[in-house]
Amino acid sequence: MLNPLSPTAAVQRPSTAQSQAWMERARINLLQNYKQQPLVLERGQGTRVWDADGREYLDLLGGIATLPFGHCHPEITAAVKAQLDKLWHVSNVFYSEPQIALAEKLLLASGLDRAFFCNSGAEANEALLKLARKTQKERGQKERVEFICFERSFHGRTLATVTATGQPKYQQGFEPLLPGVLHVPYGDLAAVRRAMGPRTAAVLVEPIQGEGGVRPAPEGFLRALRALCDEAGALLLVDEVQTGLGRTGRMFGFQHAGIRPDGFSLAKGLGNGLPIGAMVCTEEAGRALVPGTHGSTFGGNPVTAAAALATVTLAMEPSVLASVRTKGEYFLTGLRRLAAELPGQVVDARGQGLLIGVELAVDAGPVVGRMREQGVLSNLAGERTVRFAPAYTVTDEEMDRGILALRRALAAPPPG
Ligand SMILES: *Cc1c(COP(=O)(O)O)cnc(C)c1O
């Protein structure tokens with residue numbers, strides 16, 4: 001197996017025949033809706049993946065924050081295999097054990113009261129939006145139908161969640177969008193206050209804007225939103241799809257602010273790579289969704305719930321969250337050092353825990369490509385930000401290798 005970082009790799013020019021053949025079949029057959037990196041991945045273990053021609057890569061993107069414990073984690077794999085031999089699916093016409101046990105863990109970890117399961121982040125946010133409108137109706141506030149969302153946010157691709165998303169590029173061509181969604185600048189409390197009124201059902205916010213360029217909320221913002229929502233009679237909904245499950249060094253991003261939202265969403269990291277989403281809410285809000293009002297055929301499926309139960313169990317180990325914080329600081333410190341050395345090329349390095357963005361002065365696409373050629377995987381969050389969201393098992397040496405690959409991709413010689 002060739003290591004793309006080894007000096008011989010370039011000389012030997014390993015074959016890319018298998019990968020090329022697969023990509024050609026993809027080009028002919030798949031909907032061309034993704035800007036995909038030219039890599040066909042076949043196998044993964046921990047923080048490493050291998051392509052169809054056997055080349056090894058260090059995966060510092062982790063399926064876009066979907067793999068808190070890395071590829072094919074032995075305990076999670078064992079839990080899923082055991083469930084595969086037991087029961088695959090029954091629908092929510094019946095109860096199934098992994099879903100109930102998973103709900104208990106999420107409530108214990110969050111301090112909220114009710115969990116609903118679905119299959120993706122968009123569906124979890126869709127459930128939050130429906131929850132808010134229904135809760136306001138139950139309160140007798142039937143005029144409260146509007147949502148306050150933020151510019152540069154990302155909440156999903158369904159019509160309601162793409163409307164909530166504060167980025168026109170995701171909305172163009174799909175109009176008319178959902179009425180009653182207002183967008184204000186992220187972190188601008190005065191703008192939220194101005195937008196808030198007798199028609200506001202809820203505020204929907206990410207603790208860190210992930211797709212919008214890995215932008216953490218300003219200090220105190222979530223706490224102030226909580227107070228503002230309480231004052232105004234609006235619900236506070238937190239989109240934890242990217243930030244949840246320990247990614248920021250706390251189990252949920254809102255816990256850094258010490259607040260209790262009325263509801264929050266989860267998906268990406270929840271199943272360590274299997275598709276499962278969740279909407280978690282308070283008792284009062286939960287009461288609004290009585291039998292028949294909302295549902296999902298596959299939501300909380302025994303196999304994906306077993307994966308999530310094993311993932312959440314691992315994430316709830318206090319040493320895990322502490323190591324996410326320590327490693328995140330190590331990575332960010334190294335990236336900030338690089339930023340300080342290359343002020344003309346790197347604008348900012350920011351993030352929390354192991355969700356980190358490096359904003360460049362130039363288009364980040366070619367830089368991500370040059371890192372990949374050195375065997376290190378990342379992606380773009382926005383046009384100019386390189387995103388890292390590695391497994392919590394990432395080592396200091398691996399993070400150093402990421403920083404070195406970024407340095408070389410920016411065509412800067414290593415120090416010393
Ligand atoms: C990825 C993401 C979503 C959408 O999740 P899907 O599973 O792709 O539907 C929603 N909100 C945030 C913050 C995300 O990062």
Side-chain angles (χ1 to χ4, degrees), residues 1-67 69-73 77 211 268 272-275 331 335 338 345-346 354 356-358 360 362-391 393-395 397-414:
M1 211 145 323
L2 281 162
N3 178 345
L5 280 189
S6 80
T8 53
V11 179
Q12 291 183 358
R13 293 218 170 273
S15 163
T16 58
Q18 294 294 331
S19 300
Q20 294 300 335
W22 279 112
M23 286 189 280
E24 180 59 13
R25 287 163 67 180
R27 193 186 63 77
I28 294 166
N29 295 291
L30 292 180
L31 189 70
Q32 297 295 296
N33 59 319
Y34 297 113
K35 216 188 271 172
Q36 288 172 296
Q37 296 191 30
L39 210 56
V40 181
L41 295 175
E42 188 182 75
R43 195 162 64 80
Q45 190 61 60
T47 56
R48 305 302 166 110
V49 288
W50 288 264
D51 75 7
D53 293 292
R55 269 182 305 267
E56 182 183 321
Y57 293 85
L58 171 61
D59 185 3
L60 294 182
L61 179 61
I64 320 181
T66 59
L67 295 156
F69 298 99
H71 298 275
C72 300
H73 186 280
T77 302
E211 299 307 300
K268 286 193 167 81
N272 203 60
L274 284 196
F331 204 0
L335 289 165
L338 182 65
Q345 296 190 69
V346 183
L354 285 169
I356 297 178
V358 182
L360 306 179
V362 294
D363 183 0
V367 175
V368 164
R370 289 197 292 274
M371 288 177 68
R372 184 178 61 247
E373 286 158 14
Q374 300 172 68
V376 175
L377 304 186
S378 62
N379 88 331
L380 300 186
E383 268 77 58
R384 295 191 160 189
T385 301
V386 179
R387 168 171 41 195
F388 299 108
T393 52
V394 71
T395 65
E397 292 69 32
E398 289 172 332
M399 292 186 279
D400 287 343
R401 199 176 137 191
I403 296 166
L404 181 61
L406 177 58
R407 173 190 294 280
R408 286 182 175 149
L410 292 166

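Counting from 1, the numbers follow the sequence of the chain as shown. Excluded from the calculations below are hydrogen atoms, water molecules and symmetry mates; all remaining heavy atoms, backbone and side chain alike, are included.
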Q: Please list, chain by chain and in numerical order, all residues satisfying side chain to side chain donor-acceptor pair (under 3.5 Å) with Thr66, sequence neighbours excluded.
A: none

Q: Please report the closest heavy-atom contact between Ser15 and Ala17, naming both atoms and the distance.
A: OG-N, 3.0 Å

Q: Output all residues satisfying side chain to side chain donor-acceptor pair (under 3.5 Å) with Gln36, sequence neighbours left out; order by chain, then residue number.
A: none

Q: Tell me every residue that passes side-chain contact (heavy atoms from CB on, under 4.5 Å) with Glu24, counting only those two or more places apart in sequence or in another chain.
A: Arg27, Ile28

Q: Are Leu39 and Met23 side-chain neighbours, meaning at least one heavy-atom pair lies under 4.5 Å?
A: no

Q: On a heavy-atom basis, which atom in His73 and which in Asn272 lie closest, and how many Å separate them?
A: CB-ND2, 4.3 Å

Q: Holding to side-chain contact (heavy atoms from CB on, under 4.5 Å), I want the full list of residues that pass it with Leu274, two or more places apart in sequence or in another chain.
A: Val80, Val303, Thr304, Ala307

Q: If we only count heavy atoms from C-beta on, is the Leu360 to Thr385 side-chain gap below 4.5 Å?
A: no

Q: Quick check: closest heavy atoms across Gly365 and Asp363, and the distance to 0.1 Å?
A: N-OD1, 3.1 Å

Q: Looking at Gln37 and Val368, what are the two nearest heavy atoms and their distance?
A: NE2-CG1, 3.5 Å

Q: Should Pro38 and Gln20 count as side-chain neighbours, where that means a heavy-atom distance under 4.5 Å?
A: no

Q: The criterion is side chain to side chain donor-acceptor pair (under 3.5 Å); which residues satisfy it with Ser19, sequence neighbours excluded?
A: Asp53

Q: Taking side chain as C-beta onward, heavy atoms only, is Trp50 less than 4.5 Å from Arg55?
A: no

Q: Search all heavy atoms of Gln18 against all heavy atoms of Ala52 and return the closest pair with its distance.
A: CB-O, 3.5 Å

Q: Would you please name every residue forming a salt bridge (Lys or Arg N to Asp or Glu O under 4.0 Å) with Arg48, sequence neighbours left out?
A: Glu56, Glu398

Q: Should Leu30 and Gln32 count as side-chain neighbours, where that means a heavy-atom distance under 4.5 Å?
A: yes

Q: Under the rule for side-chain contact (heavy atoms from CB on, under 4.5 Å), what residues qualify as partners of Arg25, not counting sequence neighbours?
A: Trp22, Asn29

Q: Consider side-chain contact (heavy atoms from CB on, under 4.5 Å). Of Thr393, Leu377, Leu67, which one does Thr47 pass it with?
A: Thr393

Q: Going by the rule side-chain contact (heavy atoms from CB on, under 4.5 Å), which residues pair with Glu383 if we only count those two or more places apart in sequence or in a different chain?
A: Lys169

Q: Under the salt bridge (Lys or Arg N to Asp or Glu O under 4.0 Å) test, which residues partner Glu42, sequence neighbours left out?
A: none

Q: Sequence neighbours left out, what passes side chain to side chain donor-acceptor pair (under 3.5 Å) with Asp400? Give chain and number order.
A: Tyr330

Q: Could you check Asp51 against Val40 for side chain to side chain contact (heavy atoms under 4.5 Å, CB included), going step by step and ending with a plain yes or no?
A: CA-CA 5 Å; Asp51 75 7; Val40 181; 5.5 Å; no

Q: Do Glu211 and Arg387 touch side chain to side chain, with heavy atoms closer than 4.5 Å?
A: yes

Q: Keeping to residues at least two apart or across chains, list the ring pair (Phe, Tyr, Trp, His ring centres under 6.0 Å) pairs with something in residues 370-391.
A: Phe331-Phe388

Q: Identify the two heavy atoms, one from Ala409 and one from Met371, that lie closest to each other, and give their separation to 0.1 Å.
A: CB-CG, 3.7 Å

